[in-house]
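Note that this is a predicted model, so its numbers are computed, not measured.
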Amino acid sequence: MYQVVPGGAGGTITDVIPKKKHTKDSRPLVGTGVIGLFLVIAAVTAWCYYIASLRKAELLKTQLLDLNKDGYIIRNQGGSIVFRMNFRSGTLDLDSCSKEEEILRCSRTTDRKLKFFIKTVQPKDTVQCYRVRWEELVPNIPVEHAMTYKFAHWYGGAVSAVQHWPISISGQQAPKPFVTSDIYSNREEFGGILESYWLSSNATAIKINNSVPFHLGWNDTEKTMYFQARYHDSPFKPNPGEAPCAELSYRVCVGLDVTSIHKYMVRRYFNKPYKVPAKVMFEHPIWSTWAIYKRDIDQEKLLTYAANIRKYNFNCSHLELDDRYTKRYGDFEFDPVKFPNASEMFQKLKSDGFLVSLWIHPFVNYNSENFHPLVERGLFVREPTGRLPALVHWWNGIGGILDFTNPEAREWFSSQLRSLRSKYGVSSFKFDAGETNYLPWKFSTKNHIRDPSFFTRRYTEMAIHYNDRAELRSGYQSQNISCFFRPTDRDSVWGYELGLKSLIPTVLTISILGYQFILPDMIGGNAYVNYTSGDRALPDRELYIRWLELSAFMPSMQFSIPPWEYDNEVVEIARKYTAIHESIVAPRVLELAGEVLDTGDPIIRPLWWIATGDERAYKIDSQFLIGDDLMVAPVLEPGKQERDIYLPAGHWRSYKGERFDLKEPLHLTDYPVDLDEIAYFLWV
């Protein structure tokens with residue numbers, strides 16, 4: 001017989017308790033259970049996403065930097081945000097990002113591939129640096145980052161026609177090429193001395209790599225500066241054979257205070273001079289023919305000018321014979337009509353104790369006898385195809401500009417200078433121009449240059465053999481040329497636009513950029529028509545005196561309009577301040593100049609250099625320090641014989657003999673300063 005097994009395969013269960021049907025009342029319990037299950041799943045999912053987000057957030061941190069899809073922020077050791085950079089050229093796809101030790105890498109934006117990384121470097125216990133690089137893989141896509149500047153006061157970048165300290169940004173400017181320009185004729189451009197370096201009062205500094213096709217813009221409403229790399233619609237050019245793929249790379253460093261971080265950046269990233277110019281350049285003034293005679297100079301006037309320097313008992317480091325001693329621009333021989341006996345003139349000046357330097361420039365006008373031979377030899381900058389010389393327009397006409405990337409052109413130019421020195425005993429040269437705005441927008445050179453400002457660098461190298469007394473007005477990566485740099489011509493006016501008030505901000509700016517041997521242009525300005533305060537051809541008398549007093553506390557002094565053009569009182573004031581310059585200022589400057597070779601530290605320093613903890617010091621643009629122990633406060637307003645003075649904490653003695661022993665900074669209100677005085681204070 002067959003036995004029936006309960007629950008067997010295919011069997012029949014005869015003793016199972018019958019199932020109860022669900023009643024209507026039990027159905028809500030099932031629904032509640034299902035909802036509960038979903039809630040548990042949702043909670044677990046949310047927790048997983050939360051944990052993942054924490055891990056991603058941790059992944060996108062490196063030291064004190066936090067990266068997100070739209071940019072990054074950097075904090076200081078105290079946790080405060082000191083730097084913010086936003087990405088304007090794309091949104092990072094954070095899922096493409098990874099971290100390996102101290103390097104964050106990302107390989108995509110939301111719509112394309114790229115190469116992006118941030119690398120943390122800690123060179124010192126007190127300094128934290130971040131190398132940032134964003135490289136596009138598709139040609140002609142610009143890279144743009146936007147730095148917020150509202151957290152602090154910023155300094156550096158470039159000289160400008162309207163110079164402020166700290167930087168004062170107004171309006172909006174789309175990114176434009178960050179290249180050297182002549183700001184006297186192009187007042188909205190960047191100046192002839194520039195470096196892609198900025199420094200802030202919250203101890204943060206940024207240095208753009210020299211390989212970047214760098215463009216700078218700004219927006220004062222958003223309080224941002226735009227750092228852009230591009231090749232499209234730009235004078236920057238990739239190397240031959242390279243695709244025009246833009247790369248923006250830079251370093252951001254954070255330190256304990258603004259002075260120490262600047263010292264670190266200068267030592268790490270700037271060229272430094274290898275020698276100090278001639279001692280007499282610091283001690284005695286230069287006397288130039290330009291402002292007093294302009295182009296109407298000749299042999300008789302130069303000899304008379306020199307005789308008057310001796311007649312009025314002034315010292316002279318050298319005479320500077322400016323434009324125009326040749327018949328045509330591009331000639332290297334004296335105009336026989338204006339200088340009928342040039343050799344005898346030089347012998348006379350030498351016997352009277354005068355050395356002479358000559359004004360020169362990189363242009364050869366089309367009517368010069370040198371123009372056609374140089375065209376045939378291919379020594380000019382050329383148009384883009386390289387077949388024809390590029391004609392350029394400069395302030396004295398039309399001609400070619402020598403191609404200083406070409407060794408043959410450099411040798412030809414050098415040979416002309418050597419000939420002048422050999423034939424006449426010329427002591428040195430004033431190298432004028434050199435800015436990139438005198439190049440065509442599109443051009444070619446013998447040796448390829450990616451960055452147009454590298455042409456400026458090549459031009460400044462021509463001064464190396466004459467750097468004991470040479471003078472340059474343009475500079476890019478040129479700190480090691482080791483000669484005096486002169487910011488562009490000043491107008492004979494009081495204000496910030498190329499006037500007296502612009503001098504201190506300009507000198508402080510180029511000092512921060514690593515140029516320490518500074519010639520602050522001619523006392524009283526250049527007396528150009530329509531750019532001169534006063535009712536005569538001469539600069540206003542009061543302006544001239546205040547300019548003279550300020551110049552006496554600069555590394556070097558330069559006269560052109562002589563004090564005897566005014567009256568005996570002005571002559572006496574000039575004698576007083578040339579003596580102060582020689583006895584008080586020059587010894588300090590020369591000592592500091594020797595230190596520059598090792599440190600690169602400024603000779604002329606802002607007040608915050610010794611007062612990093614005082615917010616007021618970061619905004620003062622009418623006082624400065626020579627080293628750490630001589631503070632200068634000139635009068636820069638017309639009709640004033642008093643001024644407010646900020647004295648940092650410390651032990652100071654005024655030029656009047658007053659003693660100030662200060663545990664904290666002191667603000668002197670309406671401190672009296674007569675017309676023949678400049679306020680200065682020595683550290684006791």
Side-chain angles (χ1 to χ4, degrees), residues 280-325 338 345 348-349 352-359 427 430 469 471 484 486 489-493 499-500 503 519-529 531-554 556-582 585-586 634 675-676 678:
V280 70
M281 288 281 288
F282 297 91
E283 295 174 328
H284 297 162
I286 300 164
W287 295 78
S288 169
T289 63
W290 174 247
I292 185 65
Y293 296 116
K294 302 296 190 296
R295 297 177 183 86
D296 188 25
I297 184 65
D298 58 35
Q299 181 171 319
E300 182 180 355
K301 289 176 180 176
L302 180 61
L303 291 172
T304 301
Y305 190 57
N308 281 331
I309 294 171
R310 292 288 182 251
K311 174 183 175 181
Y312 288 97
N313 296 316
F314 286 98
N315 288 321
C316 174
S317 65
H318 64 260
L319 279 173
E320 192 171 80
L321 177 54
D322 212 295
D323 187 5
R324 164 180 188 180
Y325 58 89
K338 299 176 74 175
M345 178 188 74
K348 167 65 174 170
L349 291 170
D352 290 341
F354 289 98
L355 297 177
V356 181
S357 68
L358 296 180
W359 172 79
S427 65
K430 171 185 176 178
R469 297 171 182 270
E471 171 189 329
F484 273 89
R486 174 184 65 91
D489 296 6
R490 304 285 123 177
D491 290 327
S492 300
V493 297
L500 178 60
L503 273 184
L519 181 62
D521 203 39
M522 300 167 198
I523 292 167
N526 286 264
Y528 292 129
V529 176
Y531 292 97
T532 301
S533 294
D535 55 5
R536 301 194 297 160
L538 295 175
D540 174 74
R541 181 179 184 273
E542 181 187 8
L543 173 69
Y544 184 89
I545 292 171
R546 293 305 192 191
W547 207 305
L548 165 62
E549 293 163 352
L550 172 55
S551 292
F553 287 83
M554 290 291 166
S556 188
M557 298 180 71
Q558 185 177 42
F559 285 101
S560 182
I561 295 171
W564 55 83
E565 287 291 316
Y566 292 92
D567 51 51
N568 287 335
E569 182 184 14
V570 176
V571 171
E572 289 303 318
I573 293 172
R575 288 190 186 126
K576 171 184 175 181
Y577 281 99
T578 53
I580 287 175
H581 178 82
E582 183 175 359
V585 178
L675 180 60
D676 66 341
I678 182 172

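- Proximity of a side-chain donor or acceptor of K430 to a complementary backbone N or O of S357 within less than 3.5 Å is not detected.
- Residues satisfying the side-chain hydrogen bond (donor to acceptor under 3.5 Å, both in side chains) criterion with W290, sequence neighbours excluded, are N526, Y528.
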Verdict with supporting geometry, M522 and I561, side-chain contact (heavy atoms from CB on, under 4.5 Å): CA-CA 8 Å; M522 300 167 198; I561 295 171; over 6 Å; no
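- Rounding to the nearest 0.5 Å gives a distance of 7.5 Å between NZ of K294 and CD1 of I292.
- For K576, the NZ atom is densely surrounded, since the number of other residues' heavy atoms within 6.0 Å is greater than 12.
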Stepwise side-chain contact (heavy atoms from CB on, under 4.5 Å) check, R575 with Y312: CA-CA 9 Å; R575 288 190 186 126; Y312 288 97; 4.1 Å; yes
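- Atom CD of E542 and atom CG of L675 lie 6.0 Å apart (nearest 0.5 Å).
- Of all heavy-atom pairs spanning R324 and K338, the tightest one is O-NZ, 2.7 Å.
- Side-chain N or O atoms of K301 include none that pairs as donor or acceptor with a backbone N or O of T289 at under 3.5 Å.
- Counting heavy-atom neighbours within 6.0 Å of E572 CD, excluding the residue itself, gives a total above 12.
- Proximity of I580 to I678: side-chain heavy atoms (C-beta onward) are nowhere separated by under 4.5 Å.
- When all heavy atoms are compared, the tightest approach of Q558 to S288 is NE2-CB, 4.0 Å.
- Two residues are said to be in side-chain contact when any heavy atoms from C-beta on lie closer than 4.5 Å; H318 and M281 meet this criterion.
- To the nearest 0.5 Å, the span separating CH2 on W359 from CG on L321 amounts to 10.5 Å.
- You'll find the side chain of L548 reaches within 4.5 Å of the side chain of F559, heavy atoms only.
- Nearest heavy atom pair, residue E582 against residue E283, reads CB-O, 3.9 Å.
- One distance of note links CZ of F282 with CG of L519; it measures 10.5 Å at 0.5 Å rounding.
- Side-chain atoms of S492 come within 3.5 Å of backbone N or O of G524 as a donor-acceptor pair.
- P562 places none of its side-chain heavy atoms less than 4.5 Å from the side chain of N308.
- The closest side-chain heavy-atom distance from N315 to T578 is not below 4.5 Å.
- Within the 3.5 Å criterion, the main-chain N or O of S317 finds a donor-acceptor partner in the side chain of R469.
- Within the model, atoms CG of L500 and CZ of R490 stand 10.5 Å from one another, a figure rounded to the nearest 0.5 Å.
- Considering every non-hydrogen atom in both Y566 and P539, the closest pair reads OH-O, 2.7 Å.
- The heavy-atom pair separating V493 from W547 by the smallest distance is O-CZ3, 3.8 Å.
- Nearest approach of H581 to A552, heavy atoms of both residues: ND1-O, 2.7 Å.
- Of the possible polar contacts, one joining the S427 side chain to the V356 backbone as a donor-acceptor pair under 3.5 Å is found.
- Looking only at side-chain heavy atoms (C-beta outward), I297 and Y305 stay at 4.5 Å or farther from each other.
- Proximity of Y293 to D322: side-chain heavy atoms (C-beta onward) are nowhere separated by under 4.5 Å.
- Using a 4.5 Å heavy-atom threshold, the side chains of F314 and H284 count as separate.
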Verdict with reasoning, D676 to I545, per side-chain contact (heavy atoms from CB on, under 4.5 Å): CA-CA 7 Å; D676 66 341; I545 292 171; 5.8 Å; no
Intermediate values then yes/no, side-chain contact (heavy atoms from CB on, under 4.5 Å), L355 and V280: CA-CA 11 Å; L355 297 177; V280 70; over 6 Å; no
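- The CD1 atom of I573 sits 8.0 Å away from the CG atom of D567 when rounded to the nearest 0.5 Å.
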